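Notes to accompany the following structure.
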Amino acid sequence: MAAGERVLLLGQSGSGKSTLLAMLCGTVPVQSGQVHVAGQDLAQMSGAARDRLRAEQIGVIFQQFNLLPFGSVLDNILLPLSFAPARRAKVKDPRGTAAALCEALGLPVAILSKQAAKLSVGQQQRVAVARALIGAPQVIVADEPTSALDADTQAAFLDLLFDQVAQTKAGLLMVSHDARLADRFDRVVHLSDIAVSTQEAL
Amino acid sequence: MIFRLALASLLARFVTVLMTVIAIAFSVALFLGVEKVRTGAKASFADTISGTDLIVGARSGSVQLLLYSVFRIGNATNNITWESYQDIIARPEVDWAVPISLGDSHRQFRVMGTTSDFFTHYKYRQGQGLALQGGALMDDLYDAVIGADVAAALGYKVDSPIVVAHGIASFTEHDDQPFRVSGILEKTGTPVDRTVIVSLAAIEAIHVDWKSGAKSGVVTPVEVIREMDLTPNAITAAMVGVKSPLQTFKLQRAINEYREEPLLAILPGVALQELWSIVGIAETALLAVSVMVVVTALIGLMAAQFASLNERRREMAILRAMGARPWVVFALLLLESVVIAFVGAVLGIALLYAGLIIAQPWIDAAYGLWLPIHAPGLQEGLVIGGVMLASAIVSAVPAVRAYRLSLADGMNVRI
């Protein structure tokens, strides 16, 4: 993936999309092949270095958004900075940055002090995006973030996501099983193709 | 922020956490309560007699002398002659002396002959003196002052008649010379509560017609007895106070080396310690049981942690996805346990103090056991620290499991 590139990873349920994402993020070890993130080979790195790389370079958006329900919106947005000193250093005013992200994502600033469990699904989704974007990581990894949305909302959400990712010049790797989204991405990778090509190689 | 989130996570599981906190609180309260009772009992025991410098009796063992003279358990092997007693109290070191004469009983309670000085000089619980809850001290030859337990057990009131039995567990009674309860003492938590106190002269009086431990057959009229010289020939023991504490050992040595008859002078505090060391095993057993209660509560904490692990895998996976190292997950669980243990222990101490404030007068009245209330100190601090440390150790087991789960789950949220 090039910097700022938007890649869609398509595949059926159970095809290994989430496992591939976990490998890219360095939480599942690679048994064969190579994974390079920001120019570094994950297989050559220690567990601590992979965790640090993930904290510093990758923003994750989960399928179910996965906010910490007991924390405030602000706590959730700032959470990645706790494990990423360099990313933290880029954010001079954490609260102000979180507020700006909320505004850009169409959330009222007052939501920052609200408990995450009390948000609507749409609000949770935007907070999850804000959490991935804080401190401008190089790659945003999104695991089927639109699966729970209807078509209109899906389009609006992607607009918002693309807009924000473009501003930070981050690469976007999004996983989906919805082929209709393909037009909106720079590149589309079909996981079934990879499986087939792997079979052929064997 | 991680610490704050950990606290928020705890609060989100409020009911489960509260149950665990309560279990720890009760166990800590019980542990410290047992400890209080143990030290209270020890202090009460040590305070059975205070302010008396020496106890003098016929030569035997120091614990035996203490047992029969103070606790009214067992019997003296021999008596002290009145002449020897006079010799001792004539010594310059002696400030005061109270003779006591034991041997008779009333129902299951011992009868003790003494002088009115007993009520002045007998002190317990750090110098507290005896007080009457009703009536007056002995005025007549046949007056008796009874302890609180005697009055309660036998339903005696002031003016109730008392017939003293000869010896202990004897069927022969001094029924020709009945006594009258002149006063009832306040509860002290000491053997005095179970004692019938009469004058030294009264002990002589009821034995006027007795020769060699049996009734002689002669019945001397009470009016005649009242006119007789009732100075005893012998006493069982004596409590002695010295003018200066520095003279205690000198007097003790002098009595122990007394040539006229073999005597023994003991320091009550030392003998009490010796006696307590014999019952120390029960003390250790009590402590062991209360420690087990705390251990059980901590195992409960571990079980609760294990039970919560599954529902918290999502939380751990989120943290891992954000870049948290697996040890952060481990540390968070450990920290959580330590916080629960701290809150539980502090609450337990609060419970203990509340319990003490409420129950202290009742325990004192019912058992004569005085449980002092002191400000929390080193002991409470050590208990809090110990419980926190122990909780960290027991929760290391679920924390290791969480660590492994977070390694296996990675950032995949499995619930």
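Residue numbers begin at 1 in each chain, while the letters A, B, ... track the order of the sequences. This one's a predicted model, so the numbers in the text were calculated from it and none came from an experiment.
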**Prompt:** If you take all heavy atoms of B/Gly323 and A/Ala55, which pair is closest and at what distance?
**Reply:** CA-CB, 3.7 Å
**Prompt:** How about A/Phe157: does its CZ atom have over 12 heavy atoms from other parts shown lying under 6.0 Å from it?
**Reply:** yes
**Prompt:** Taking all atoms of both residues into account, what is the closest heavy-atom pair of A/Phe83 and B/Val328, and its distance?
**Reply:** CE2-CG1, 4.0 Å
**Toward chain B, the part of A/Arg131 with a non-hydrogen atom under 4.5 Å** = side chain
**Request:** Taking atom CZ of B/Arg401 as the centre, report whether more than 12 heavy atoms of other residues, nucleotides or ligands fall under 6.0 Å from it.
**Result:** no
**Item:** Rounded distance (nearest 0.5 Å) linking atom CG of A/Leu68 with atom CD of B/Glu315
**Value:** 6.0 Å
**Request:** Under 4.5 Å heavy-atom distance to chain A, tell me which part of B/Leu319 shows up: side chain, backbone, both or neither.
**Result:** both
**Request:** State, yes or no, whether a side-chain contact exists between A/Val60 and B/Ile318 at a heavy-atom distance under 4.5 Å.
**Result:** no
**Message:** So for atom NZ, which belongs to A/Lys90, do other residues, nucleotides or ligands contribute more than 12 heavy atoms lying within a distance under 6.0 Å?
**Reply:** yes
**Request:** Can you tell which part of A/Ala84 gets under 4.5 Å to a heavy atom of chain B, answering side chain, backbone, both or neither?
**Result:** neither
**Request:** Could you tell me which non-hydrogen atom of B/Ala317 sits nearest to which non-hydrogen atom of A/Phe62, and how far apart they are?
**Result:** O-CZ, 4.3 Å
**Request:** Could you tell me which of B/Ser9, B/Ala12, B/Pro326 has the largest number of non-hydrogen atom pairs under 4.5 Å with chain A?
**Result:** B/Ser9
**Message:** Taking side chain as everything from C-beta outward and backbone as N, CA, C, O, which of these in B/Arg4 sits under 4.5 Å from a heavy atom of chain A? Side chain, backbone, both or neither.
**Reply:** side chain
**Complete:** Under 4.5 Å to a heavy atom of chain B? For A/Leu67 that would be backbone
**Message:** Taking atom CH2 as the centre, does B/Trp327 end up with more than 12 heavy-atom neighbours from other residues, nucleotides or ligands that are less than 6.0 angstrom away?
**Reply:** no
**A/Arg87, CZ: over 12 other non-hydrogen atoms inside 6.0 angstrom** = yes
**Prompt:** Quick check: are there more than 12 heavy atoms from other residues, nucleotides or ligands sitting under 6.0 Å from CD of A/Gln167?
**Reply:** yes
**Message:** As an exercise, state the distance from CZ of B/Arg320 to OG1 of A/Thr27, rounded to the nearest 0.5 Å.
**Reply:** 6.5 Å
**Message:** Within this structure, what is the CD1-CE distance for the pair A/Ile134 and B/Met322, rounded to the nearest 0.5 Å?
**Reply:** 12.0 Å
**Crowding at CZ, B/Phe26 (>12 non-hydrogen neighbours, <6.0 Å)** = no
**Asked** Are more than 12 heavy atoms from other residues, nucleotides or ligands located less than 6.0 Å from atom CG of B/Leu11?
**Response** yes
